[in-house]
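To start, the structure under review is shown below, and the notes come after it.
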Amino acid sequence: MNTIPDEIFNCLCNNQRFLILLHQKPDGDAIGSAVALGKGLKQLNKTVDYYIDLPLEDKLGFFEEIQYFNQTLQDDYDVIIYLDCSSSSFAFSPAEMPTAKTRLVIDHHKSNAHYGDLNFVEITGATAEIVFRVLRGLNVVFDEEMADAIFTGITTDTGSFQFSNVTVDTHLIASELYAIKTNYAHLSKRLHTQKNINQMKMTGAAIHSLEILDGMPIALMILDHETIVKFGGTINITDDVANLGQNTIGVAITALLKEIDPGEYRVSLRAKYPYDIHEIALKYGGGGHERAAGFNFCGDVGELKQDLMEVYANQNGEA
Ligand SMILES: [Mn+2]
């Protein structure tokens, strides 16, 4: 397992007042990373504030540390830490941004823009893996909630250790988590299997919309605005929905279109190796990883379908 760079270590050791920011609509990796890093820094007698896009999905609401989210912010910090956030425009940040000596970016997205004064960016399974290494490097002692937080980040971003982003390090870190707490079965079930009734219905509607594009191994699912409203809003669209298209035998690329407002879509893309969909996400002003990316889309869905078919055809030619 790689250690952490000296300048990151020094930044965290030699400063006192930290603000933690995450991407909008934070997922398990973002929240898990924030909880673990925030608690770890507090253990070192630092002060830590969080500014986070609430409410959280039901399944992430169990961390006690959440009670300290979004308390009164200071005008000035030593360090603002951006976690799991590939560009500053994706960050959920206060209208009046506090000043800081240093912006520190800790992230694992391939598309990361290295927008910090210090950037700790590596292509790992989850940002939580990097946070774990940071905390180990700082000699922080993990309590059970911090172990749960790192586990939450890793298991959600790796699809319960099923995705191609899983590495030796992912499992080495998981093995260390089992030395802190012996059983993660309950947490796994909470994060991957259980849904409230609206989430169940929303998932069903997405599957119902599933189509295969023109005989190509591309799956498309649309949750239209009416459906999203009917089942309680985007908060009830669970992360696994985009993966369901990928679970269809023969499918290589999946697009899930979520009509957030009439005519305005949030698109989630998934791809199987060797297909790379992060370029198409960048083209539309979004970002992400090679096999999981997203962007906002406002336009003709037919054109988007054509684009996806072209991406497949071009890359299939190279393969
Ligand atoms: Mn992540």
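We count ligands from 1, going down the list as the structure has it; atoms in each ligand are counted the same way.
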Any carboxylate oxygen within less than 4.0 angstrom of a Lys/Arg side-chain nitrogen, looking at [X] and [Y]?
{"X": "Glu176", "Y": "Arg133", "answer": "no"}
{"X": "Asp307", "Y": "Lys283", "answer": "yes"}
{"X": "Asp76", "Y": "Arg17", "answer": "yes"}
{"X": "Asp240", "Y": "Lys195", "answer": "yes"}

**Request:** Could you tell me the angle subtended at the Mn ion (ligand 1) by OD1 of Asp84 and OD2 of Asp157, rounded to 10°?
**Result:** 170°
**Item:** Asp29 atom OD2 and His108 atom NE2 as seen from the Mn ion (ligand 1), angle to 10 degrees
**Value:** 90°
**Message:** Report whether any nitrogen, oxygen or sulfur of Asp27 sits less than 2.8 Å from the Mn ion (ligand 1) (N, O or S, backbone or side chain).
**Reply:** no
